[in-house]
Amino acid sequence: VASISAQHCRTLPGRPLAEVETPALLVDVARLDANIAALAEFLRRRAPGIRLRPHAKTHKCAEIARRQVAAGAVGVCCQTLGEAEAMAGGGIADILVTNEIADAGKAARLAAIASVATVSVCADDSGQVALLADAAASRGVTLGVLVEVDVGGGRCGVGSAAAALDLAASITRAPGLRFAGLQAYHGRAQHLRTHAEREAAIAGAVAAAEEAADLIRRSGIACPTITGAGTGTFEIEAASATYTELQCGSYVFMDVDYGRNARSAVGGVPDFAHALTVLTTVISRPRPERAVCDAGLKAFSLDSGPPSLALHPGLDFRGASDEHSTLGVDDGSELRIGDRLQLLPGHCDPTVALHDRIIAHENGVVTSVWPVARGW
Ligand SMILES: *Cc1c(COP(=O)(O)O)cnc(C)c1O
């Protein structure tokens, strides 16, 4: 029985969207490509010296990463080794794992990836550096290591420039490791709603990154890369003269939560289009004012609020359980059992992680089915 689903997906390319079994994750290829092109073009014009290394945690999909690289990205960021393995397997030549590795098994997996791609990773403690050095030595590879600095996001990262220097020095001494620079991502700044708030947060990030880089360089250690930024703030880091690389992820798909950010005060920042939707079927119309569809908590994430029904005026989201959503239906709606709806997810990354595949479509027709690398 399980193979029916795989068989269904094999036969989909060239078929109308109406034949896709639901719930299903869809990407509008024209919008996806427009988002990729818009960011690449903005950076080419406004920040030509700054590299783009999009975050692949958003899509977990080598096909999309290849499109980003074809548009000029230097490689990708990954959060998990499962993503990094899928990207390397899909031909992405330069991978930065923007995360800390805390066990020998994962360090060995990372070193294995470094035998087919250029690999770098973050550290904020000498224990991680020791694990990475052992793994690199036993595999005979070199791993780039960036010191992660907490620039205000309050997640991983050393808390001072002095600690950043200590760790950078220990990386330069470790065989098999190459000190690559600083990871300086301010996650919390991305969803601050006004440009002024985002600008103030990133000013703090720039100051913290600059202080650490300056101390490292004054001690005679080169600090070639300072990397960070996301979809909410990239134009601010790009204008900083500190950051050399940007890690935007969500821009490829956009989501409802990013749609709540007030526009950037910097001119020319693209308005990214909603390219990702969850396709669902109305399975019940128990009352005139209520519809039930077959996409619930297992088809979209609710951590940043409910999906939007902006594509379907007259309907509103009321609630979700595992495999159902209940929708409010305006008077006079013709909505029927069997009708299909496209929901805009509240938060794209955790929504993608609920699906085994992305159905790519153009003009109402499925063009391809792309695997999602869900494993860790
Ligand atoms: C999620 C993430 C990004 C990308 O952020 P978006 O808001 O999706 O653009 C970049 N860098 C790191 C380290 C992240 O965790």
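Keep in mind that what you see is a predicted model, and the values were worked out from it rather than measured. One-based numbering, in listed order, for ligands and for the atoms of each.
- For H347 and Y258, the gap between ring centers reaches or exceeds 6.0 Å.
- Taking a 6.0 Å sphere around CG of N363, one finds it holds 12 or fewer heavy atoms contributed by other residues, nucleotides or ligands.
- By the 6.0 Å contact criterion, CG on D303 is enclosed, its count of non-hydrogen atoms from other residues, nucleotides or ligands being greater than 12.
- Shown here are the side-chain contact (heavy atoms from CB on, under 4.5 Å) partners of A38, two or more places apart in sequence or in another chain: P270, F272.
- Checked for salt-bridge contact, R193 and D257 meet the test: a charged N lies under 4.0 Å from a carboxylate O.
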Report all N/O contacts between ligand 1 and the protein shorter than 3.5 Å as a table of atom names and distances to 0.1 Å; if there are none, say 'none'.
residue, atom, partner, partner atom, Å
ligand 1, 5 (O), Y185, OH, 3.3
ligand 1, 7 (O), Y258, OH, 2.6
ligand 1, 8 (O), S250, N, 3.0
ligand 1, 8 (O), S250, OG, 2.5
ligand 1, 9 (O), T231, N, 2.8
ligand 1, 9 (O), T231, OG1, 2.6
ligand 1, 9 (O), G249, N, 2.8
ligand 1, 9 (O), S250, N, 3.2
ligand 1, 11 (N), Q247, OE1, 2.8
ligand 1, 15 (O), K57, NZ, 2.8
ligand 1, 15 (O), Q79, NE2, 2.8
ligand 1, 15 (O), R155, NH2, 3.1

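- Q128 contributes a side-chain N or O that, together with a main-chain N or O of D125, makes up a donor-acceptor pair within less than 3.5 Å.
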